[in-house]
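So that the names make sense, note that chain A is the first sequence line, chain B the second, and so on, each numbered from 1. All figures in this text were calculated on a predicted structure; none of them were measured in a lab.
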Number of protein chains: 2
Amino acid sequence: MARLAGVSEATVSRVLNGVGPIKEQTRARVMEAAKALNYVPSALAQGFARKRSGNLGVILPLLPKVNLFSTHYFSELLSGIGMTASRYGYDLLLLFREPDEPREYERMFQAQKIDACLILGAQDVEPERHALAELAANGRQFCLVSQRFEGTGYNAVDADHREGVRAAVHHLLDRGFSRIWFLNGPSSYSNSADRLQGYCEALHERGVPFDPERVLLGNYSRTSGYRLSEEIEGLVRSGAADAIVAGSDRMAIGVLQGLKEKGLLAGIDYGLVGCDDSEGAKLTDPMLTSIAVPFYEMGSQAANQILSPLAQGETSSSFQLKLPVELIVRGSSAR
Amino acid sequence: MARLAGVSEATVSRVLNGVGPIKEQTRARVMEAAKALNYVPSALAQGFARKRSGNLGVILPLLPKVNLFSTHYFSELLSGIGMTASRYGYDLLLLFREPDEPREYERMFQAQKIDACLILGAQDVEPERHALAELAANGRQFCLVSQRFEGTGYNAVDADHREGVRAAVHHLLDRGFSRIWFLNGPSSYSNSADRLQGYCEALHERGVPFDPERVLLGNYSRTSGYRLSEEIEGLVRSGAADAIVAGSDRMAIGVLQGLKEKGLLAGIDYGLVGCDDSEGAKLTDPMLTSIAVPFYEMGSQAANQILSPLAQGETSSSFQLKLPVELIVRGSSAR
DNA sequence: GTGAAAGCGCTAACAT
DNA sequence: ATGTTAGCGCTTTCAC
């Protein structure tokens with residue numbers, strides 16, 4: 001060890017960790033020795049001694065063949081999380097949640113693999129609720145990203161999907177569309193409920209009665225949108241619908257492609273808006289009007305909220321953030 | 001500890017690790033106690049004792065605003081790596097490489113944060129070569145994914161890009177295109193050289209002389225393809241080019257969109273093929289003919305090759321895998 | 001087949 | 001301001 005090089009023992013620890021008072025001279029001597037020996041402390045031993053791993057767990061669903069969420073979603077989120085975590089000296093431990101396996105979040109804490117965790121793509125289903133309750137019961141630090149659980153007070157960072165869809169509907173109404181349908185995703189995602197609420201709210205604000213018949217259900221995939229385009233064609237041709245707001249770009253793109261095959265063009269024959277402003281939104285023809293979500297920022301904030309108290313040894317208070325979204329107008333909602 | 005519940009001490013360790021001989025009776029007693037106490041061994045202490053972290057490092061470039069690689073690429077790769085790693089009881093430690101920071105790969109080994117690592121998106125530049133040489137010098141287990149370094153013998157898993165582009169060129173020639181240009185990416189990626197070679201090879205096989213003038217240079221982004229579409233328009237209109245093979249779907253899509261704005265349609269006015277068969281390939285109109293790369297499989301194999309010896313305590317031999325790709329024909333190369 | 005004991009490399013009281 | 005010492009929770013010789 002660097003003890004040979006220097007003269008002391010625990011002092012090395014103090015110097016390297018910047019703890020306690022140290023004479024500038026010895027500090028210099030230690031640093032020098034460390035450099036000379038190219039000394040790198042073992043994070044393993046360190047963690048063991050201070051009972052923390054220095055890892056932030058990131059739990060994410062195993063996307064079998066790309067579904068539900070756009071991959072864009074994950075990579076942006078991960079980058080945001082990673083950048084912020086590294087600022088606090090934390091590393092990311094990636095944990096894939098396999099579809100049917102039990103969710104053993106608590107286990108990772110017990111094993112001391114992670115000091116805290118962020119949960120992406122959670123769903124409001126029983127096993128999930130149970131796993132989260134277990135974490136909460138043990139006082140674990142965790143934060144849900146893009147999903148909230150009513151009546152729990154769990155930490156969460158989300159985007160303001162309600163407001164996004166509200167803006168989208170207003171936009172369509174402003175453009176002269178009046179029979180707007182809403183294509184939503186599964187209700188196990190709180191996002192879905194949020195968007196539906198935004199849809200209703202906007203209609204209400206403009207004096208348009210809400211008609212539950214005008215809500216369709218997909219599963220967030222492009223295929224589900226494509227499949228529904230059959231039904232939607234009829235609606236558009238009969239005049240029952242003149243615009244669609246879809247809960248994801250993927251579904252919107254499915255609709256756009258399906259209707260195009262049937263001779264109906266987005267932005268001309270009907271208005272179309274997606275959600276998430278994924279990369280795909282710029283690839284369709286016409287390009288897709290969509291609601292941009294600050295994924296990077298969400299990841300960054302979630303990591304910050306969780307890590308900042310941990311790093312300072314402070315006790316953390318619960319938080320629920322809702323970040324603003326932005327309507328990006330493109331050709332699919334022209335007229 | 002479970003020692004109270006059972007009767008022994010080190011025996012618990014033996015039972016839980018399935019090491020050494022143990023009477024079936026005691027084994028049962030220990031297991032029972034473990035279950036009763038809901039005992040989960042500390043991976044931290046375990047790692048400390050046996051000097052290994054149980055983590056597989058995954059190094060990836062911080063994609064600032066999505067570039068070079070499609071995000072599809074990373075999520076597929078990560079899933080493949082994650083699945084395989086979990087089979088070996090390893091967790092993934094994600095390490096973002098910031099653009100200009102020194103690449104401190106070796107440091108993560110010294111700190112014992114990881115036992116081995118996979119490097120994604122490496123480039124053939126000096127700092128990278130240096131960092132890798134350092135790893136090799138210290139006998140670290142690592143594997144490059146989607147990048148090779150000539151004359152080094154480093155472990156690598158790659159796709160057969162040469163063969164992919166070769167197939168693409170043959171396909172275009174078969175379809176009656178004859179003045180095929182190639183839009184390549186930066187030469188710091190071995191992929192780029194591979195693809196160029198496939199391009200030359202195919203032309204050669206069909207008796208078409210290779211003309212270096214017909215090679216354009218982009219940076220793998222959609223924008224770079226879009227920008228080049230200006231030049232390409234001229235080539236197509238003058239008859240100097242009637243088809244393009246691009247080194248990435250992103251560049252191909254940029255070209256497709258740019259030329260469409262100028263009134264030239266892929267699959268009608270010219271042939272177009274991309275690489276990677278990303279999600280975007282199915283979103284353009286016409287859809288993009290592309291070369292499918294088995295990213296998931298590549299990740300899975302890389303993890304397997306690295307982890308399998310580690311887990312068995314065997315010594316590992318070096319490997320260079322090249323997985324097959326598949327040409328997916330769609331509208332952009334019709335005629 | 002199972003205990004006993006040493007020790008992995010560091011941190012954190014406690015002394016000085 | 002710095003040295004001493006006792007572990008952190010496991011694995012692993014080495015005896016029995």
By nearest atom, which of the nucleotides D:dA1, C:dG1, D:dC10 is closest to the A:Lys23 side chain? D:dA1
Any donor-acceptor pair under 3.5 Å linking the side chain of A:Gln147 with the backbone of A:Gly121? no
Donor + acceptor pair across side chains of B:Asp194, B:Tyr189 (<3.5 Å): no
Set of residues satisfying side chain to side chain donor-acceptor pair (under 3.5 Å) with respect to A:Gln305, sequence neighbours excluded: none
D:dT11, OP1 or OP2 - any side-chain N/O from B:Ser13 closer than 4.0 Å? yes
Tell me whether the OP1 or OP2 atom of D:dT2 has a side-chain N or O from A:Thr26 closer than 4.0 Å. yes
Who passes side chain to side chain donor-acceptor pair (under 3.5 Å) against A:Glu128, sequence neighbours left out? A:Arg103, A:Tyr105
Heavy-atom nearest nucleotide on DNA chain C for B:Gln112 versus B:Arg27: which residue maps closer to 5'? B:Arg27
Look at A:Tyr39 and C:dC10 and indicate whether a side-chain polar atom (N or O) is within less than 4.0 Å of OP1 or OP2. yes
Atom CD of B:Glu24 to atom P of C:dT2: distance rounded to whole Å? 10 Å
Whole-Å distance separating the CZ atom of B:Arg52 from the P atom of D:dT11: 10 Å
Produce the list of close N/O pairs, under 3.5 Å, pairing protein atoms with atoms of nucleotides 5-8 of chain C; give distances to one decimal.
unit_1	atom_1	unit_2	atom_2	d
C:dC8	O3'	B:Lys51	NZ	2.6

Between D:dT2, D:dT11, C:dT2, which nucleotide has the shortest distance from any of its atoms to the side chain of A:Ile22? D:dT2
Please tell me whether B:Ser192 and B:Ser187 have a donor and an acceptor in their side chains that are separated by less than 3.5 angstrom. no
Would A:Asn138 and A:Phe109 count as a side chain to side chain contact (heavy atoms under 4.5 Å, CB included) if you check the C-alpha gap in whole Å, the side-chain angles of each, and the deciding distance to 0.1 Å? CA-CA 10 Å; A:Asn138 292 294; A:Phe109 280 95; over 6 Å; no
Rounded to the Å, how far apart are A:Leu44 CG and D:dC10 P? 13 Å
In sequence, state the C-alpha distance, the side-chain angles, and the governing distance for B:Arg52 and B:Leu310, and then conclude on side chain to side chain contact (heavy atoms under 4.5 Å, CB included). CA-CA 10 Å; B:Arg52 23 150 298 178; B:Leu310 265 198; over 6 Å; no
In terms of the nearest nucleotide of DNA chain D, which residue is placed more toward the 5' end: B:Arg14 or B:Gln46? B:Gln46
Rounded to whole Å, CD of B:Gln110 lies from P of C:dC10 at a distance of 12 Å
